[in-house]
Amino acid sequence: MTAPGVGPRRTAPTESARMSHNSAMDSSIYRQRRARLAAQLGPGGIALVPTAPEQTRNRDNAFSYRHDSYFYYLTGFTEPHAWLVVTGEGRSTLFCAPKDMEREIWDGLRLGPEAAPAALGVDAALSVNELDLHLPKLLENRDAVWFPFAIHEGLEARVGGWLAQVRARVRYGALCPEQQRDLCAVLDEMRLVKDVHEQDIMRRAAQISARAHVRAMQLCARMLREGQDLREYHLDAEMQHEFRFHGSQFPAYSAIVAAGANACVLHYRADAAPVRGGELVLIDAGCELDGYASDITRTFPANGRFSGPQRALYQLVLASQEAAVAATRAGARFTDPHDATVKVLAQGMLDVGLLDRDKVGSVDDVIEKRAYFQFYMHRTGHWLGMDVHDCGGYVEPSQVGEVSERKDPLSGEVIKNRPSRILRPGMVLTIEPGLYVRPAPGVPERFHNIGIRIEDDAIVTDAGCELITRGVPVKADEIEALMRA
Ligand code: GLY
Ligand code: MN
Ligand code: MN
């Protein structure tokens, strides 16, 4: 919306401040996280955490604002123009946008520095306009300054400018921090294991997304039954409606709604292609709720009935997902579900005739030579959390030095292997095997252009994992029944 030429209306804004997604926010969660961070910075350490900048979409029109995940993890605060400073002694200072009647009329209420300590549990709050004034003083006499490396454009230079000001005061007895440390290393580890509060939000996000998938399947069958001109964007619209209707603030990522052969394009976006009876539809879409992502893929027959070849490949992908789920539990490695998936898919490719035994050999050969890669070219999962491809290392920290090398059979490149992360309760990952069959010599025609992925979100538990996205069915018969309903 542009400003009318006669000047702004002077009415009080009615929208509540963007203090948090939760109207009655429990700031103790964030206070505890800041205390855990402080303990890792050590005395003499100081951490600087900016939130995300606003992004222009075109001319004077901004993209919907999305806070920075690290900043939100430590504050629960969703306004732009804010920084958090935490010292190793546990003192936290928020810099935020000052109250401003004129701006608040246009953009919504601001929390403001006066109200921030009570609302967010920080020790002090100041105007973000005074950041450059205070930062050199806060950095003085500190040993190490921590900030997220290579995330915020210009941050390194800005920290450098503040440090230069501290150095200019050395002759007056000021000490300048000697170390710059990457804050991501500490926060990534903290974020990797989701606490009870986070798991609860992620379950709710997953339920909303699952419902949206159910609705899209049913809309698809109904529109085709009624002979309507069904396009991918109709299904996308149905998903987005369901997300928003249930309070999701954003989609967690751009939805993939791919009809027929489009499903073989891994990062296809929902477009205007017609959805036809007899084809499969692949939908990879999930909502973001209160800062947490969900990530679900379902593949279903547009008219509600799998053909023979479609069902054969679907059952294979589902069996490979079941093997991956069975391999997901505390104590297993992150790569175990992927290895379990590949074993089932490789055997299945030989059994259904996607791969020719006479050419590629046994299942062990298919795995060893990565011959399965023609039809399965991505990994079986990733961490999930505030970011859809969430932060957190995939290597076991205690074993980073244990490096082995192998030559990749397809590219010929030498790849360094380090032991994969050991799963712990509270880690959240996706389990998303697939098969993508592009026409090629030797590939049976009945399978051409079939693209299938099945993706669920799993919370690791001691005994196994909790699949939080099963509000949408995954078995072929159950999908068919749902689409008949
Ligand atoms: N939707 C992104 C992914 O599945 O990784
Ligand atoms: Mn995913
Ligand atoms: Mn996905």
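Counting starts at 1 for both ligands and their atoms, following the listed order. Note that this is a predicted model, so its numbers are computed, not measured.
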Original post:
What are the protein N/O/S atoms, named by residue and atom, that sit under 2.8 Å from the Mn ion (ligand 2)?
Top reply: Asp295 OD2, His382 NE2, Glu432 OE2, Glu455 OE2

Subject >> Distance-only polar pair, side chains of Thr430 and Asp295, donor-acceptor under 3.5 Å >> reply: no

Original post:
Are side-chain N/O atoms of Asp364 and Ser362 paired as donor and acceptor at under 3.5 Å?
Top reply: no

Original post:
Between CD of Glu153 and CZ of Arg158, what distance do you get to the nearest 0.5 Å?
Top reply: 13.0 Å

Subject >> Arg421 side-chain N/O to Gly392 backbone N/O, donor-acceptor pair under 3.5 Å >> reply: no

Subject >> Sub-4.5 Å side-chain heavy-atom contact between Glu79 and Tyr65 >> reply: no

**OP:** For residues Thr78 and Tyr72, determine if any side-chain heavy atom of one lies less than 4.5 Å from a side-chain heavy atom of the other.
**Re:** yes

Original post:
Hey, which residues fall under 4.0 Å of ligand 1 on heavy atoms?
Top reply: Tyr253, Asp284, Asp295, His382, His389, Glu432, Glu455

Original post:
So, for His389 and Tyr253, is the gap between ring centers shorter than 6.0 Å?
Top reply: no

Original post:
Quick one: are the ring centres of Phe243 and Phe245 less than 6.0 Å apart?
Top reply: no

Subject >> Parallel, tilted or perpendicular: rings of His197 and Tyr30 (30°, 60°) >> reply: perpendicular

